[in-house]
> 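Take this structure, written in structure tokens, and hold onto it; I'll ask about it next.
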Amino acid sequence: DVKVTQSSRYLVKRTGEKVFLECVQDMDHENMFWYRQDPGLGLRLIYFSYDVKMKEKGDIPEGYSVSREKKERFSLILESASTNQTSMYLCASSSTHRTDTQYFGPGTRLTVL
Amino acid sequence: QKEVEQNSGPLSVPEGAIASLNCTYSDRGSQSFFWYRQYSGKSPELIMFIYSNGDKEDGRFTAQLNKASQYVSLLIRDSQPSDSATYLCAPRGSSNTGKLIFGQGTTLQVKP
């Protein structure tokens, strides 16, 4: 079974702190994704990566950066957390095959005070 | 026009009925289509995928695809209260990055 893990289920940070969210997948997938999900707004893509050290902006990259130094690990960084970044953050991975879906991690609920 | 459109609901059906969830998409290059179920507070989980026109059945679930009409649907037969969740439609874009375009989801309520 594909397994995608995220470093924390719940996280509470203060405004201005630097926040790292980590995601690890064990299926040797090329593609990895970071989303945030807010009530009424659905899943919104922040960044994705299709190879080590490669990244592309999604729909809402402002205020975020990412790092992918190893194939299995994709990190989301909030350089200076703000209250409007309070959200559920979901990581996913997939292969490049056209019928392969994205497999999601359990999510991190981040609260910025 | 949104890239993927779903009726947000809630769609309410009695236990044992058929629930019909619909989705339209704008990218004609989309080749694969995925349905996810998401329980409140949980992450999405895949329940069906389809990439050929027509119907695909898996247990109580049937996915239907009509590429000419850019329409995909999910039927749930013999609906159970445990099917109450939000269902997300997600066409896979025409690139090979694995990027999915998610709809906002339809909330289904199955009443005992």
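Every chain is numbered from 1, with letters handed out A, B, ... down the list of sequences. FYI, side chains are in, hydrogens and waters are out, and symmetry mates aren't considered; it's all heavy atoms of this structure.
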> Could you tell me which portion of A/L41 (side chain, backbone, both or neither) has an atom closer than 4.5 angstrom to a non-hydrogen atom of chain B?
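Backbone only.
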> Are any of the side-chain nitrogens in A/D100 or B/R92 under 4.0 Å away from the carboxylate oxygens of its partner?
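Between B/R92 and A/D100 there is no salt bridge, as every charged N stays at least 4.0 Å from the carboxylate O atoms.
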> Under a 4.5 Å cutoff for heavy-atom pairs, which residue among A/R109, A/M88, A/Q102 has the most contacts with chain B?
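If we count pairs closer than 4.5 Å to chain B, A/Q102 comes out on top.
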> Got a salt bridge between B/E57 and B/R77, using NZ or NE/NH1/NH2 to carboxylate O under 4.0 Å?
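Salt bridge: yes.
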> Name the region of B/Q38, side chain, backbone, both or neither, that has any atom closer than 4.5 Å to a heavy atom of chain A.
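Looking at B/Q38, just its side chain touches chain A.
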> Check whether any side-chain heavy atom of A/E69 lies under 4.5 Å from a side-chain heavy atom of A/V52, and answer yes or no.
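No - every pair of side-chain heavy atoms lies 4.5 Å or more apart.
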> Please identify which of these residues, A/E56, A/E30, A/R68, A/K55, meets the side-chain hydrogen bond (donor to acceptor under 3.5 Å, both in side chains) condition with A/S49.
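So, applying the side-chain hydrogen bond (donor to acceptor under 3.5 Å, both in side chains) to A/S49 and each of A/E56, A/E30, A/R68, A/K55, only A/R68 qualifies.
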> Answer with side chain, backbone, both or neither: which region of A/Q37 has an atom nearer than 4.5 Å to a non-hydrogen atom of chain B?
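For A/Q37, the contact with chain B is made by the side chain alone.
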> Is it the backbone or the side chain of B/L46 that comes under 4.5 Å from a heavy atom of chain A, or both, or neither?
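Looking at B/L46, just its side chain touches chain A.
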> Pick whichever of B/S8, B/S32, B/G41 has the most heavy-atom pairs under 4.5 Å with chain A.
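Option with the greatest count: B/S32.
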> For A/D38, is there an ion pair with A/R36 - N to carboxylate O distance below 4.0 angstrom?
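Salt bridge: yes.
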> Give, as side chain, backbone, both or neither, the part of B/I101 having an atom under 4.5 angstrom from any heavy atom of chain A.
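Neither; nothing under 4.5 Å.
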> Contact part of B/Y36 toward chain A, heavy-atom cut-off under 4.5 Å: side chain, backbone, both or neither?
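Side chain only.
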> Is there a side-chain hydrogen bond (donor to acceptor under 3.5 Å, both in side chains) between B/T86 and B/T107 once you walk through the steps?
CA-CA 4 Å; B/T86 297; B/T107 299; 3.3 Å; yes
> Before accepting this row, confirm whether a basic side-chain N of the pair B/D83/B/R60 lies closer than 4.0 Å to the acidic partner's carboxylate O.
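Answer for the salt bridge query: yes.
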> Select, from A/L43, A/T101, A/L90, the one with the greatest count of heavy-atom pairs under 4.5 Å involving chain B.
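It is A/T101.
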